[in-house]
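Scroll down for the structure; my scribbles are underneath it.
We name chains A, B, ... by the order of the sequence lines, and we start the count at 1 in each one.
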There are 2 protein chains.
Amino acid sequence: MSGDRSATANRSPASLSDVARIAGVSVAAASRALNARPGVRPEIRARVLAVASELRYRPHGAARDLAMGASSVIGLLLPDLDRTIPPFWAWVHRHLCAVAAEQGVGVMVYFLDDIAEHLGDALIAKAWRGAVVAPDAARYRFVRDLHESGFPMVLIGAPAADFAVPSVDVENVESSADAVRHLLAVGCRRIGVIAGPADRTESRLRVEGYGRALAEAGLTVDPSLVIHADYTVLGSADAARDLIDHGVDGIFATSDPAAIATSWTAQRLGVDVPDELAVVGFDGLQSDVHDVADLTSVVQPVDALTREAMRMLDRSEHDGDPERVVIDPHLVIRGSTRRLAKPGG
Amino acid sequence: MSGDRSATANRSPASLSDVARIAGVSVAAASRALNARPGVRPEIRARVLAVASELRYRPHGAARDLAMGASSVIGLLLPDLDRTIPPFWAWVHRHLCAVAAEQGVGVMVYFLDDIAEHLGDALIAKAWRGAVVAPDAARYRFVRDLHESGFPMVLIGAPAADFAVPSVDVENVESSADAVRHLLAVGCRRIGVIAGPADRTESRLRVEGYGRALAEAGLTVDPSLVIHADYTVLGSADAARDLIDHGVDGIFATSDPAAIATSWTAQRLGVDVPDELAVVGFDGLQSDVHDVADLTSVVQPVDALTREAMRMLDRSEHDGDPERVVIDPHLVIRGSTRRLAKPGG
DNA sequence: CTGAAAGCGCTTACAG
DNA sequence: CTGAAAGCGCTTACAG
C-alpha cells in the first residue's frame, strides 16, 4: 500500500524501446533484429534477441499494424441461438480460427445482437482486414452500412437475395438431391423433408433438391410432407413427429439438429432407425451428439469454406458482381440409413 | 485496370484528420466533439458530427487504445474438442462476449492448440486488458509464461493445483452432493457416477460430493460404480452402459454430455428414464439437445461466472494468493428424475 | 550495417 | 472554446 512501488511498476510490459535501450542499440535496429530483416550484424541481432527474451518482450500487435498500414485481425459476426453459439457456427468458428492462426491473424468475435444492442457500429471494423459473416447478418442495418461503405466482407452460406455480398457456400440443390436419391436407393418410397425457416435461401434450395430427386423417381411432392422448422433439435421435434404420423419411411432433414431430433423422436415413438425410418441430415457436425446418433449426412466442407472465405477477404474487389464460390459437399453414409435389407417399394 | 484510380482510392476509410479537415477544425477539436468531451462549441460539435456521419467515419479502436494507454480488448483462450468448441465453452464464450459488449470491449478468441502450433507466444496478449482462460490452459508453457510475467488472467473453472491463477468457479462438492441427495430422495438406492478425467480438479470435487451424499445416507461408495470418462457424449456412452449393466437405478453424470449419453444409452437399452433409471447432469447447457433430453442438472451460473471473470481482470493484483471466487450453482429438476412413484428402498 | 526522423490514427495536457 | 505539439509502440524509407 506504500512500499515497493518499483516492483509493481516493473510489471508494465517491456516495449521495443526498453529492449533497444538495454541492448544499447536504436529502436530501428532492434525492430530489424526482432523481425529478421536483412542488414543487421549477427552479433547485434543476437544481443537484441537475448535482451528481448530476458525482458519477456512481445510486440504490440496493434501498434505494429498501425505502423505497417496492415491488419492482422479479422472479425467474425455470429448469430445467437438462445444465448449460445449455433452448432454449425461453432464449427465454422473453430476452423476459421485455425486458418487465421496459420497466417498469424487473430479473430475478433462479435454476436450480431450484441453489436446492435450495445456497441453500435462504432469501434467495429475500422482496424480489421475484413469480416466473415453469417447469413443472418443481412438483417442488421449496420452490416449493410458496413458493406456499402466498401468494407471487405464475405458471407459463409447462402446470401439473401437483396444482399449482394461475396459469399462461399456449399452447393445446395444437387447435394440435397443426392441425399434424397440415397434414401430412394435404400428403399424409401414415402420421404418427408424437414425444411429450414421459409425465408432462408439455403432452405429453399435444399427443398428444391428434394423435389428434383423425387421427380426423377417419378414421384410427386406431397406438400404435407414438407414441414418447416428452425435449425434446432427442440424446434424440429414436432416436425419429425408430424412426418412420422404421416407414415413416412424416410426423412431428409435439411440440418443435423433436425436429423437428431428425428432420430430421437423416432426412438421415443418406438420407430426403428434405419429399418422403419431412414434419416439423412445436412451439415456433418463434428459434435459428439451427432456421432452418437450415427447420422448419414451431407457434410459441409468447413475447412475449405473457411479457407476460401479467408482468401476472398483479401481480394475484395467490390466492383461488378460480388464473387460467389460454391463448394461441393459430400454425402457421408452412416448408421441412420444403413439398412440390412432393402424393403421393396 | 487503369482509369478511375481515384474512385478506388476513396474507398480507404476516413480518418479523424479527414473529418477535421473537411469540418474545418483541428483534429483535437474533432476528437473532443466525437467523444462528447466538454468544451466544444455546440455549433462546432454539430458540424463535426455531420461530417463524420457523411464520411462514414468510425474510430480506429487500436489507435485509440494506443493513445489512451488503455485496452478495449480481452483474450479468450479456448480448448479444442475434435475441431469444434466444447459445448460448455461455447456457452461461456457467448456470455463473455455479451458482458464484454456491455462495456465496449471486444473479445479475441484463440484456441490453445493453435497458439502452440502456429502463433507462438508472440503477438498474443500485449495489447489485451487480460485473458479469460479454460482450465486446460495450465497444460501450455506459454500460458504459464504469460501468467508469470504478470499478465492479467482469470481462469473459469477449477485451476490445477500447481497453477496459481485467479479463478471463478462454481461450488463443486456441495452442489454435487445435492444432486445425489436428490437422486436418493426420488428413491434411488444404487447410484453410479460418471466422473470426468481423473486428473481434473473439478471432477475430483464432484465425486467427493457424490461420496458425501452417500455417506450421509449410510451408504458406502462402491468403486465399481465410479467410472471415469471425458466430457463428451461419445466418450461417456460406454461408462453409462457399464453402470447400467451393474444394475444402478440412478446416475450422477458430472457433465451434461455424459448425462445425455446416459439418457441416450438407456433409451437404446430399453431402460426407462426416469422410472427405471434417474439421471442428473452437471452444467445446465442451454443447448437444444439438452432440452430434448429434458435433463435434471446442476446448472452453472454462466452469466455470473463471466461477469465476475471480467471484473477480476481489472483488479488483477498479482501479489499474495490469487483471488478465488466461488459461485453456487442451482439444481434444476426436470424430466430425467421426475418419477411418478417413488419406489421404496 | 546503423541511427535519427517521420508517420500510422488517435488523445490529452498545455498554451493561447 | 480551440489549436499546435507530444506521445502511445511500432516500422520503414532516408541519410550516414
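Residues A:Ala62 and B:Gly24 both approach DNA chain D. Their nearest nucleotides, taken by heavy-atom distance, put B:Gly24 toward the 5′ side. Comparing B:Met68 and B:Pro42 by the nucleotide of DNA chain D whose heavy atom lies nearest to each, the residue mapping closer to the 5' end is B:Pro42.
With hydrogens and angles disregarded, a donor-acceptor distance shorter than 3.5 Å links the side chain of A:Arg47 to the backbone of A:Ala23. Side-chain atoms of A:Arg32 never come within 3.5 Å of backbone atoms of A:Pro38 as a donor-acceptor pair (strictly under, hydrogens ignored). A:Asp136 contributes no side-chain N or O that, together with a main-chain N or O of A:Pro79, makes up a donor-acceptor pair within less than 3.5 Å. For A:Arg64 (side chain) and A:Pro59 (main-chain N/O), no donor-acceptor pair under 3.5 Å exists by modelled atom type.
Between B:Leu112 and B:Asp80 there is no side-chain heavy-atom pair separated by less than 4.5 Å. Side-chain atoms of A:Val302 and B:Arg83, non-hydrogen and from C-beta on, never get closer than 4.5 Å to each other. In this structure, the side chains of A:Ile74 and A:Trp128 stay at 4.5 Å or more apart for every pair of heavy atoms.
Between B:Ala52 and B:Leu34 the shortest heavy-atom distance is CB-CD1, 4.0 Å.
Here the range on DNA chain C touched by chain B, meaning any atom under 4.0 Å from one of its heavy atoms, is C:dG9 to C:dA13.
Pair check for D:dT2 finds C:dA15; Watson-Crick or G-U wobble, both atom distances under 3.5 Å.
Taking every heavy atom of residues 26-37 of chain A and every atom of DNA chain D, pairs under 4.0 Å involve A:Ala28, A:Ser31, A:Arg32, A:Asn35, A:Arg37, by number.
Using atom P as the reference point in both D:dG7 and C:dA4, the two lie 16 Å apart (nearest Å).
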